[in-house]
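One structure is given below, encoded as structure tokens.
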Amino acid sequence: ISTVVQQAGGIDNSYSAAYWPWLQTVDPNSGQLVYIPASTFIPGVYAFTDGAAAPWFAPAGLTRGGIPTVIQAERKLTRSQRDTLYNANVNPIATFPGAGISVFGQKTLQVTPSALDRINVRRLLIFLKKQISVLSTQVLFDQNVQSTWNRFKGLIEPFLANVKVQYGITDYRLILD
């Protein structure tokens, strides 16, 4: 655990996350049991979260953080070990009797405490930026006049209102000047 904490401590980035320990699964080529890094399962957890809820929901916990294709974790972490990892911005993979194996944290590797030290917030901002960028192509190269601004607002307002209804944001203000 100290090695994992030390390695993660050398990264300060809200676009990355660390998960531990390694997980056992069946190698599809050989049929043998193998341990692989937990990060290889995380895209599946994110995809499940997106399908079951939305990118701004935490890809963690017993509801959205389960990893059903895992046979077992390399080690079963104690509560104290999970806390040590989480405090060091490493998302622990927890084993719960009767509930299976789950991601039990959603921190990015950003060191400075802020909203961006949470995976769901970073994923929300990535989603918003991408969607607004796509919508904005409809007014790209149009004149920089009030009618263009109004058309842009007409595209973005319903999108942001929908994200708000789905608990992605609590409030917003769209300012064009």
Side-chain angles (χ1 to χ4, degrees), residues 1-130 163-172:
I1 290 178
S2 61
T3 302
V4 172
V5 167
Q6 180 184 4
Q7 289 177 345
I11 302 169
D12 182 5
N13 189 320
S14 71
Y15 288 92
S16 58
Y19 298 84
W20 196 79
W22 283 35
L23 303 171
Q24 188 180 57
T25 191
V26 176
D27 180 334
N29 296 320
S30 68
Q32 299 293 315
L33 294 177
V34 294
Y35 282 99
I36 58 177
S39 59
T40 61
F41 293 95
I42 299 307
V45 174
Y46 286 13
F48 177 80
T49 298
D50 292 356
W56 48 84
F57 283 78
L62 300 177
T63 303
R64 291 177 304 277
I67 314 174
T69 56
V70 170
I71 295 166
Q72 67 180 359
E74 182 183 27
R75 67 180 68 189
K76 185 176 179 183
L77 300 172
T78 66
R79 182 181 201 167
S80 174
Q81 290 169 327
R82 290 193 313 261
D83 290 346
T84 298
L85 290 166
Y86 196 70
N87 289 333
N89 296 338
V90 176
N91 298 300
I93 306 296
T95 303
F96 295 104
I101 298 167
S102 296
V103 175
F104 214 64
Q106 66 136 354
K107 281 193 172 183
T108 68
L109 286 171
Q110 178 172 301
V111 174
T112 306
S114 80
L116 292 177
D117 68 6
R118 298 290 185 257
I119 290 168
N120 68 320
V121 174
R122 173 47 70 198
R123 293 187 73 226
L124 166 66
L125 292 178
I126 291 169
F127 175 81
L128 292 174
K129 182 178 179 180
K130 181 178 179 180
V163 172
K164 182 178 177 179
V165 167
Q166 295 180 49
Y167 308 110
I169 52 180
T170 55
D171 208 356
Y172 63 91

Residue list, ring-ring contact (aromatic ring centres under 6.0 Å, His included) with F104, at least two apart or on another chain: F96
Listed partners of W56 passing ring-ring contact (aromatic ring centres under 6.0 Å, His included), at least two apart: F127
Nearest 0.5 Å please: distance from the [atom1] atom of [X] over to the [atom2] atom of [Y].
X	Y	atom1	atom2	answer
I42	I93	CD1	CD1	4.5 Å
Y19	L85	OH	CG	13.0 Å
I67	S102	CD1	OG	7.0 Å
R118	T108	CZ	OG1	8.0 Å
Q7	L109	CD	CG	11.5 Å
L77	I1	CG	CD1	5.5 Å

Would you confirm whether [X], through its side chain, and [Y], through its main-chain N or O, come within 3.5 Å as a donor-acceptor pair?
X	Y	answer
D27	V34	no
R64	F48	no
N91	A18	yes

Charged tip of R123 within 45° of Y46 ring normal and under 6.0 Å: yes
Full working for side-chain contact (heavy atoms from CB on, under 4.5 Å) between D12 and Q110: CA-CA 5 Å; D12 182 5; Q110 178 172 301; 3.9 Å; yes
Heavy-atom pair with the smallest gap, counting every atom of [X] and [Y]:
X	Y	result
I11	S16	CG2-OG, 3.9 Å
K107	N87	NZ-CA, 4.3 Å
P92	Y86	CD-CD1, 4.1 Å
I119	A17	CD1-CB, 3.8 Å
G65	V45	CA-CG1, 4.0 Å
P59	V103	O-CG1, 3.7 Å

Q106 and its side-chain contact (heavy atoms from CB on, under 4.5 Å) partner, picked from T49, V121, N120: N120
From CA spacing to verdict: side-chain hydrogen bond (donor to acceptor under 3.5 Å, both in side chains), R122, S14: CA-CA 7 Å; R122 173 47 70 198; S14 71; 2.8 Å; yes
